[in-house]
There are 2 protein chains.
Amino acid sequence: MRSYSIGELAKEFEVTPRALRFYEDKDLLHPTRNGMHRVYSYKDRGRLQLILQGKNIGFSLAEIRELLDVYNLEGPRVQMERMLERYQAQVVKLEKQRSDIDGALAQIKDHMKVIDDHLAKPSQETLRQERDRIFNSSNSAPKAAE
Amino acid sequence: MRSYSIGELAKEFEVTPRALRFYEDKDLLHPTRNGMHRVYSYKDRGRLQLILQGKNIGFSLAEIRELLDVYNLEGPRVQMERMLERYQAQVVKLEKQRSDIDGALAQIKDHMKVIDDHLAKPSQETLRQERDRIFNSSNSAPKAAE
DNA sequence: AAAATACTTGACGTTGACGTAAGGGTAAGG
DNA sequence: CCTTACCCTTACGTCAACGTCAAGTATTTT
């Protein structure tokens, strides 16, 4: 359970010290001080990890701040129920993002295959298109409406 | 295969006309004109859908623009191979995001369960914590290091 | 002792993705 | 004929998330 300087932590997670100070300014991190120097605990390191994960998923720092608050079990019972609702909303959001990603992946992979085929073994169709492009002879019957 | 005015499309996708004009300015959309008014085709509508999905997944408009270009099979063979590489990179990126989301979902759901239990049927442990908080009697043996 | 290194707090600059206000065109409805 | 409803372009404003100096402090290395 060691502690970290701002530089160490920044380097480990490949962010700048400026970013860490910014997160502190935005109330996402609360390192202690040794004199005037910031000291990050192991827990702070964990929080930073969560922050960066959150960013990666596309949350704003404000949203991440809320998530961190919830994650820390702050406040009395009544607040917790509100947090549960927020969590639920986040779950919905995340699951939508996930399905969006799945959709995007499917499309991309599908399209990659199309290009791949296109490059590897040009089909009759492809050849015909090529010929059409070269000789500009667009008099063959169109298969499907464009 | 109808066409749309900027307002119709904006309302359908819950964005502002300004956003659509902005996307056009950034070369993401290319509606035709009827006089000076923009006319969006069904294909344009599809592109817009892709744009918004991309945004949702956390891509910048610049990145989305590239994806759209690739998606449109523009350019000759040599370019396509470069695009395949980019696609591959995007796949990696997306799959990482997906696993990040899965991680986040797992954590959140786990934590929701903790809170839920905490609220529903306060366990012995919870009650002890409560008592400790109220009477400030922190002399019982700590189970795990915090 | 001087220089390099790592930290500090301001404070202004930057980029992306629009918002918003200003000024004007056109077509339908009362 | 005037208002309402959309549409247009131009241009400045805004907010998030830092980047980038500037100017100073403390420690360590040469």
Side-chain angles (χ1 to χ4, degrees), chain A residues 2-41 44-45 47-69 90 93 97 100 104, chain B residues 2-41 44-45 47-69 90 93 97 100 104:
Chain A
R2 51 168 299 207
S3 61
Y4 310 80
S5 77
I6 193 173
E8 288 171 342
L9 218 53
K11 183 169 285 185
E12 179 178 351
F13 288 95
E14 295 184 304
V15 296
T16 65
R18 168 68 175 128
L20 297 190
R21 297 196 190 98
F22 186 74
Y23 297 154
E24 183 175 352
D25 200 57
K26 293 296 169 183
D27 238 44
L28 294 171
L29 287 175
H30 322 93
T32 55
R33 303 300 174 104
N34 178 9
M36 45 187 340
H37 290 37
R38 290 171 177 79
V39 177
Y40 294 85
S41 71
D44 289 326
R45 183 179 169 283
R47 284 175 73 90
L48 177 55
Q49 210 162 24
L50 290 176
I51 292 171
L52 298 179
Q53 281 178 16
K55 285 203 54 182
N56 202 11
I57 311 176
F59 286 117
S60 71
L61 293 188
E63 290 172 313
I64 293 173
R65 193 189 114 76
E66 292 187 12
L67 284 181
L68 288 175
D69 286 354
Q90 293 291 1
K93 205 170 161 184
Q97 281 193 26
D100 279 356
Chain B
R2 53 167 299 206
S3 61
Y4 310 81
S5 77
I6 192 172
E8 289 170 342
L9 219 51
K11 184 169 282 184
E12 179 179 353
F13 288 96
E14 295 184 302
V15 295
T16 65
R18 167 65 174 134
L20 296 190
R21 297 197 190 99
F22 185 75
Y23 297 154
E24 183 175 354
D25 200 58
K26 294 296 166 182
D27 238 45
L28 294 171
L29 287 174
H30 323 286
T32 55
R33 304 298 174 108
N34 179 9
M36 46 188 338
H37 291 36
R38 290 171 176 78
V39 176
Y40 294 85
S41 71
D44 289 328
R45 184 179 168 281
R47 284 175 73 91
L48 177 56
Q49 209 162 24
L50 289 177
I51 292 170
L52 299 179
Q53 282 177 15
K55 285 203 54 179
N56 202 9
I57 313 176
F59 288 117
S60 72
L61 293 187
E63 289 172 313
I64 293 172
R65 193 187 115 75
E66 293 188 11
L67 285 180
L68 288 175
D69 285 355
Q90 292 290 2
K93 203 171 161 185
Q97 280 192 27
D100 280 355

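Throughout, a chain's letter reflects where its sequence line sits, starting with A, and its residues are numbered from 1.
- As rounded to whole Å, 14 Å separates atom C1' of D/dC6 from atom CG of B/Leu20.
- OP1 or OP2 of D/dC7 sits under 4.0 Å from a side-chain N or O of B/Ser5.
- Atom pair B/Ile6:CD1 and D/dA5:P shows a separation of 19 Å (rounding to whole Å applied).
- Taking all atoms of both residues into account, the shortest heavy-atom contact from B/Leu9 to B/Arg45 is CD1-CG, 3.9 Å.
- Across all their heavy atoms, B/Asp44 and B/Leu29 have their closest contact at O-CD2, 3.8 Å.
- Closest approach of A/Ile6 to A/Pro17, counting heavy atoms only: CD1-O, 3.6 Å.
- If you take CZ of B/Arg18 and C1' of D/dC12, they are 11 Å apart, rounded to a whole angstrom.
- Checking A/Tyr23 against A/Met36, the closest nucleotide of DNA chain D that is more toward the 5' end is the one next to A/Tyr23.
- Mapping B/Tyr40 and A/His37 onto DNA chain D by nearest heavy atom places B/Tyr40 closer to the 5' end of the strand.
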Using side chain to side chain contact (heavy atoms under 4.5 Å, CB included), reason through A/His30 and A/Glu24 one step at a time and then give a plain yes or no. CA-CA 6 Å; A/His30 322 93; A/Glu24 183 175 352; 6.0 Å; no
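- Atom C1' of nucleotide D/dA17 and atom CG of A/Leu28 are separated by 11 Å, given to the nearest angstrom.
- In this structure, B/Tyr40 OH and B/Leu48 CG are separated by 8.5 Å, a value rounded to the nearest 0.5 Å.
- A 4.0 Å heavy-atom criterion places the boundary nucleotides of DNA chain C facing chain B at C/dA17 to C/dT20, written 5' to 3'.
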I would like to know whether A/Gln97 and B/Gln97 meet side chain to side chain contact (heavy atoms under 4.5 Å, CB included); could you show each step before the answer? CA-CA 9 Å; A/Gln97 281 193 26; B/Gln97 280 192 27; 5.5 Å; no
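- Taking atom CD1 of A/Ile64 as the reference point, atom C1' of D/dA16 lies 12 Å away to the nearest angstrom.
- Residue-level contact check: B/Arg21 touches the bases, meaning some heavy atom is under 4.0 Å from a base atom.
- Contact annotation: B/Arg38 reaches the phosphate of D/dC8 (side-chain N/O to OP1 or OP2, under 4.0 Å).
- Salt bridge A/Lys93/A/Glu66: absent, no basic N to carboxylate O contact under 4.0 Å.
- The residue A/Lys55 sits close only to the backbone: its heavy atoms come under 4.0 Å of sugar-phosphate atoms, none of a base.
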